[in-house]
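Working notes for the structure below.
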Number of protein chains: 2
Amino acid sequence: MARPQEFNTAEALRQAMDTFWQKGYEATSMADLLKAMGLSKSSLYAAFGGKRELFLAAFDAYREERGREMQQILAQGPARDAIEQFFRKIIADAGDGGAPSRGCMSINQAVELAPRDPEVRSRISRDFAGMEALFTQAIARGQMDGSIGNSDEARNLARLLVLAFPGLQVMVRADGDREQLNQTLNLLLSTLD
Amino acid sequence: MARPQEFNTAEALRQAMDTFWQKGYEATSMADLLKAMGLSKSSLYAAFGGKRELFLAAFDAYREERGREMQQILAQGPARDAIEQFFRKIIADAGDGGAPSRGCMSINQAVELAPRDPEVRSRISRDFAGMEALFTQAIARGQMDGSIGNSDEARNLARLLVLAFPGLQVMVRADGDREQLNQTLNLLLSTLD
DNA sequence: GGTATTATGAACCAATCGGTCCATAAGTCA
DNA sequence: TGACTTATGGACCGATTGGTTCATAATACC
């Protein structure tokens, strides 16, 4: 019909996601987003609405992407190994350079916006529930294939892992010692044996 | 010598602490603080410096208070029971009313400011280290008094609890189901047996 | 090539941000 | 009571906040 967009919407959204992920909602200004996304104010507002709508879109993109990634990792190989790899990866992903780590955006938002924003809170509830379901499924599989010896209810064991997840993500974001965290993971994972 | 302060400095600091605790650093404006502390702008700046300095003072007051509280709880009764009470209290303290829970200010700041503020980050590192030390001490005591059966190194067990702590605090702040969290604690604490 | 349609950049907006300044009120001490 | 010291409230500051508006440029279609 007419003049086409000069930017890739999905790619711009990804840049916004990265910025919100690193700095959180309040500390991210529209100027930050404009620079990161590389487009002009009117384009941004036309394509995404305001700051809050852009944030929610970026957050949802993050959640979907991470959900798929988790599902994929947990499906590979013996369940116990898959679960271990899932947690090890969190530590390994922490920026090796001096750059501060980003942690998990859902966890970050559980702290920042969830207490005062029902729409964010409900998303995070869903994230935890989804994570519990995936862990439960993986643990049940591990109890079948013999890689997980603990015969407690899979759901209960899963909840322990769900509890450990934000703990690990917070410590990673606060620049916790990676070697030490890996060591602690040994003990956590030995609970499954 | 001259006109005395009309406000109690410690009490005003406590109000600031509460506000920063609930809303975080960025989402708290000077206007919020003025209202919460009940004093005028010039008084606030004269007594506490700027926003950041006030925040650090409030944060340190929080950390000291909580550190003492933890120490006290862990010292009471058999070590295993004391540790259990410490964790149960975190869940119980979550606002029973509809009011959103505040979680732990150190954990909240591990997410919000720590990645970009070395002064905050070092405080949080110290908090984690202190917590690890207190847990280690309590667990060692429990291994002596027989309330803790697990004979793994006390320090390693302590690190597992240190990992669980931010996990629990984040879930509480995001309005996680209290009953379910208490149930999950059972499994975590059974690691000590 | 002309026309209709749409994306873009810049100018502009009120409101709020954290922070400073100062005249005045309210005390203390001699 | 008078002199000195200090706390207080309000006016004021420039910068930045998120957001809107509009003239212009660029493209697709006929």
Side-chain angles (χ1 to χ4, degrees), chain A residues 1-60 105 108-109 112-113 116-120, chain B residues 1-60 105 108-109 112-113 116-120:
Chain A
M1 294 283 215
R3 183 176 171 185
Q5 266 192 356
E6 288 181 1
F7 62 93
N8 179 321
T9 303
E11 200 168 318
L13 187 63
R14 165 164 294 275
Q15 297 307 316
M17 184 192 91
D18 249 55
T19 307
F20 280 127
W21 187 1
Q22 260 191 40
K23 314 178 58 164
Y25 181 80
E26 297 289 351
T28 298
S29 69
M30 291 304 292
D32 292 331
L33 293 165
L34 259 28
K35 196 173 64 174
M37 302 169 79
L39 39 86
S40 77
K41 229 169 192 182
S42 47
S43 302
L44 192 159
Y45 276 89
F48 299 101
K51 183 186 181 186
R52 177 188 163 79
E53 285 148 322
L54 173 58
F55 169 79
L56 288 178
F59 188 25
D60 283 338
M105 191 175 174
N108 299 347
Q109 289 309 316
E112 187 185 8
L113 293 187
R116 59 187 161 98
D117 188 328
E119 295 200 46
V120 171
Chain B
M1 293 289 213
R3 183 176 171 185
Q5 268 191 355
E6 288 181 1
F7 62 93
N8 178 321
T9 304
E11 200 168 319
L13 188 62
R14 166 164 294 274
Q15 296 307 316
M17 184 192 91
D18 248 53
T19 307
F20 280 127
W21 188 1
Q22 259 191 41
K23 313 178 59 164
Y25 181 80
E26 297 289 351
T28 298
S29 68
M30 290 305 291
D32 291 331
L33 293 166
L34 259 29
K35 196 173 65 173
M37 302 170 77
L39 40 87
S40 77
K41 228 169 192 180
S42 47
S43 302
L44 193 158
Y45 277 89
F48 299 102
K51 182 186 181 184
R52 177 188 164 79
E53 285 148 323
L54 172 58
F55 169 79
L56 288 177
F59 189 25
D60 283 337
M105 191 173 174
N108 299 346
Q109 289 309 316
E112 187 186 8
L113 292 187
R116 60 188 161 96
D117 188 328
E119 294 200 46
V120 171

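Quick note on labels: first sequence line is chain A, next is B, and so on, each numbered from 1. Note: hydrogens, waters and symmetry copies are ignored here, and every other heavy atom, side chains too, is used.
Residue Tyr45(A) contributes atom OH, which lies 17 Å from atom P of dA10(C) at whole-angstrom precision. Put simply, CG on Leu33(B) is 15 Å from C1' on dT16(C), counting in whole angstrom units. Atom CE in Met30(B) sits roughly 22 Å away from atom P in dA15(C) (whole-Å rounding). Distance Leu44(A) CG to dG18(D) C1': 11 Å, rounded to the nearest Å. When the P atom of dT17(D) is taken as reference, atom OH of Tyr25(A) falls 13 Å away, rounded to whole Å. Atoms CG (Leu39(B)) and C1' (dT6(D)) sit 16 Å apart, rounded to a whole Å. Straight-line distance from the CZ atom of Phe48(A) to the C1' atom of dT20(D): 19 Å, rounded to whole Å. Distance Glu26(A) CD to dC17(C) P: 10 Å, rounded to the nearest Å.
The NZ atom of Lys41(B) sits 11.0 Å away from atom CG of Leu33(B), with the distance rounded to the nearest 0.5 Å. Rounded to the nearest 0.5 angstrom, Asn8(B) CG and Met37(B) CE are separated by 10.5 Å.
When distances run from any side-chain atom of Lys41(A) to the nucleotides dG18(C), dT8(D), dG19(D), the shortest one goes to dG19(D). Listed nucleotides: dG19(D), dG19(C), dT8(C). Nearest to the side chain of Phe7(A): dT8(C).
Across all strands, Ser40(B) comes closer than 4.0 Å to base atoms (heavy-atom distances). At a threshold of 4.0 angstrom between heavy atoms, the contacts of Ser42(B) include nucleobase atoms, whether or not backbone atoms are also involved.
Here Ser43(A) reaches the OP1 or OP2 of dT8(C): one of its side-chain N or O atoms lies under 4.0 Å away.
Cation-pi check for Lys51(B) over Phe20(B) is not met; the charged atom does not lie both under 6.0 angstrom from the ring centroid and within 45 degrees of its normal.
With respect to Arg52(B) and Glu119(B), a salt bridge is recorded, a charged nitrogen being found less than 4.0 Å from a carboxylate O.
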